[in-house]
Amino acid sequence: MTTLRSVKGMKDYLPKEVPAYRRIEEAFARVMQRSGFREMRTPIVEPTALFVRAIGEVTDVVEKEMYSFQHHDEALTLRPEGTAGVVRAYLQNNLGNDEPVTKVFYQGAMFRAERTQRGRYRQFHQLGAEVFGDPSPAADADLLVTLVVFLREIGVSSPEVILGSIGGKATRAAFRESLVDFLTPKLATMSEESKRRILTNPLRILDSKHPGDRAACEGAPSILDVLDADDQSHFDALRRYLDALAVPYRVDRGLVRGLDYYSRTLFEIKGATEKLGAGDTLLGGGRYDGLVEELGGRATPAIGFAAGLERLVIATEENVAPPRIDVFVASEGAVGRALALANELRSHGISVECDGRGASVKAQLRRANAVDARFAIVLGDREVSDGVADLKDLAARTSTSVALSGMAAAAKAGLEGPPAAGEQAVSS
Ligand code: AMP
């Protein structure tokens with residue numbers, strides 16, 4: 001029988017890797033809460049129509065990358081991103097009625113059938129946030145400074161904000177025309193996809209990696225040159241706030257992003273790291289002032305972002321040690337009592353591994369070392385009848401005789417003391 005393997009592009013997160021992920025998830029929750037965001041969770045499966053309407057029909061994600069399926073009479077899709085679901089939930093649960101400004105963050109698995117490479121997977125995880133109800137450039141600046149603080153806190157040493165503006169609807173329509181005029185004479189050397197997109201979604205061509213498209217886009221007009229007065233003053237104010245907050249950024253005149261729903265502010269953050277190669281964008285986001293209305297709500301300005309958790313792990317690549325086992329309880333016959341002792345210690349907040357396999361004491365103590373336990377206790381019939389057992393300090397190679405009734409207190413005291421580095425003997 002052939003052994004089954006995980007789906008292409010979907011990886012396992014092994015026990016030795018997960019602490020690095022958890023460290024970042026916890027830092028994210030901490031930093032976002034400090035900036036007034038509250039966590040929310042939405043389903044992994046949503047109606048396909050939600051993503052088609054929110055992300056846009058003529059986008060890479062919707063055209064090629066969604067995991068969609070029919071379940072009875074429902075067309076469903078594994079979420080490829082988080083914003084559409086959060087906006088749906090915001091509307092469905094009337095979150096905007098509770099407070100004029102709603103700030104939420106989320107984390108979870110996303111699915112896109114992309115070509116896989118380092119930092120690009122078909123199941124990946126995003127950390128994201130959305131702010132509803134605040135049109136001000138101050139909201140944009142506050143979100144960006146929060147993200148820079150988060151990235152620094154997890155060890156991305158020089159996060160660089162890349163900033164652009166895509167204007168409002170009117171600006172985009174005017175820009176679209178001038179871009180089509182600019183690109184049309186160059187169509188012959190462009191990709192088949194762009195030949196199609198020039199009719200459906202020409203802005204996306206600016207984002208193409210195809211060499212012919214890249215060459216054709218050289219010298220293309222920038223949307224920054226045609227912003228209307230309101231878009232321009234929004235962008236200028238955001239830049240002034242970022243300067244005042246000492247957030248490092250550079251303006252990219254050609255920045256466009258993969259999803260259709262953006263308006264005005266667009267941004268990406270890259271980390272100064274070689275580790276990610278082509279997929280070096282740690283996070284991306286922007287303002288989407290029209291999306292809530294498009295999905296059936298009242299006109300509500302909004303801004304959000306999403307970061308790729310896997311990329312943050314690669315970029316920080318910190319060796320995060322797995323949590324240690326505090327006490328290893330080995331048993332020599334008295335398995336039931338060993339289990340009871342282990343659980344009593346656990347009830348005091350001590351992490352305990354208990355070995356009831358019936359293996360030799362030597363084999364059990366080898367395991368204690370393998371799991372990097374700090375202390376070990378061997379519980380046999382004699383210890384049970386005496387009510388006393390040795391608490392072995394595995395690092396200092398010393399042991400103390402302790403009454404079983406006082407074992408939790410003794411273990412706690414040992415754990416709270418200075419870490420044994422071999423030279424610190426706990427005298428018996
Ligand atoms: P997007 O939702 O496309 O704006 O992506 C936001 C962030 O999610 C990117 O900057 C990446 O860090 C991450 N991301 C997007 N697609 C993938 C993927 N296929 N695998 C891993 N991370 C991804």
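Order of listing sets the numbers, starting from 1, for every ligand and every atom in it.
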Where on Leu283 is there a heavy atom closer than 4.0 Å to ligand 1, on the side chain, on the backbone, on both, or on neither?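 Near ligand 1, Leu283 shows its backbone, while the atoms from C-beta on stay back.
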Counting heavy atoms only, which part of Gln126 comes closer than 4.0 Å to ligand 1: side chain, backbone, both or neither?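 Contact part for Gln126 vs ligand 1: side chain (C-beta onward).
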Please confirm whether [X] comes within less than 3.5 Å of ligand 1 when only nitrogen or oxygen atoms on both sides are compared.
X      : value
Leu282 : yes
Tyr262 : no
Arg120 : no

Which is closest to atom 1 (P) of ligand 1 in terms of heavy atoms, Met110, Glu81, Arg115, Arg112?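 Checking each option, the heavy atom nearest atom 1 (P) of ligand 1 is found in Arg112.
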Any idea which of Ala315, Gly308, Gly119 brings a heavy atom closest to atom 21 (C) of ligand 1?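 Result: the heavy atom closest to atom 21 (C) of ligand 1 is in Gly119.
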Per-atom contacts of ligand 1 with Glu114, taking only distances under 4.0 Å to non-hydrogen atoms: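 Those of ligand 1 that fall under 4.0 Å from Glu114 are 16 (N), 17 (C), 18 (C), 19 (N).
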Classify the ring geometry between Tyr90 and Phe132 as parallel (under 30°), tilted (30 to 60°) or perpendicular (over 60°).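 Ring orientation of Tyr90 relative to Phe132: parallel.
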Just to verify, which of Glu193, Lys186, Glu192 counts as forming a side-chain contact (heavy atoms from CB on, under 4.5 Å) with Met190?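 When side-chain contact (heavy atoms from CB on, under 4.5 Å) is applied between Met190 and each of Glu193, Lys186, Glu192, only Lys186 qualifies.
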Option from Asp228, Asp236, Asp231, Asp140 for which salt bridge (charged side-chain N to carboxylate O under 4.0 Å, His left out) with Arg264 holds: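 So, applying the salt bridge (charged side-chain N to carboxylate O under 4.0 Å, His left out) to Arg264 and each of Asp228, Asp236, Asp231, Asp140, only Asp231 qualifies.
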Salt bridge or not for [X] and [Y], using N-O below 4.0 Å?
X      : Y      : answer
Lys103 : Asp134 : no
Lys11  : Glu310 : no
Asp213 : Arg204 : no

Which residues pass the salt bridge (charged side-chain N to carboxylate O under 4.0 Å, His left out) test with Arg250, not counting sequence neighbours?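 Partners of Arg250 under the salt bridge (charged side-chain N to carboxylate O under 4.0 Å, His left out) test: Glu160.
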Could you check whether any heavy atom of Glu310 sits closer than 4.0 Å to an atom of ligand 1, since that is the contact criterion I want to use?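 No, that is not the case, since the closest heavy atom of the residue is not under 4.0 Å from the ligand.
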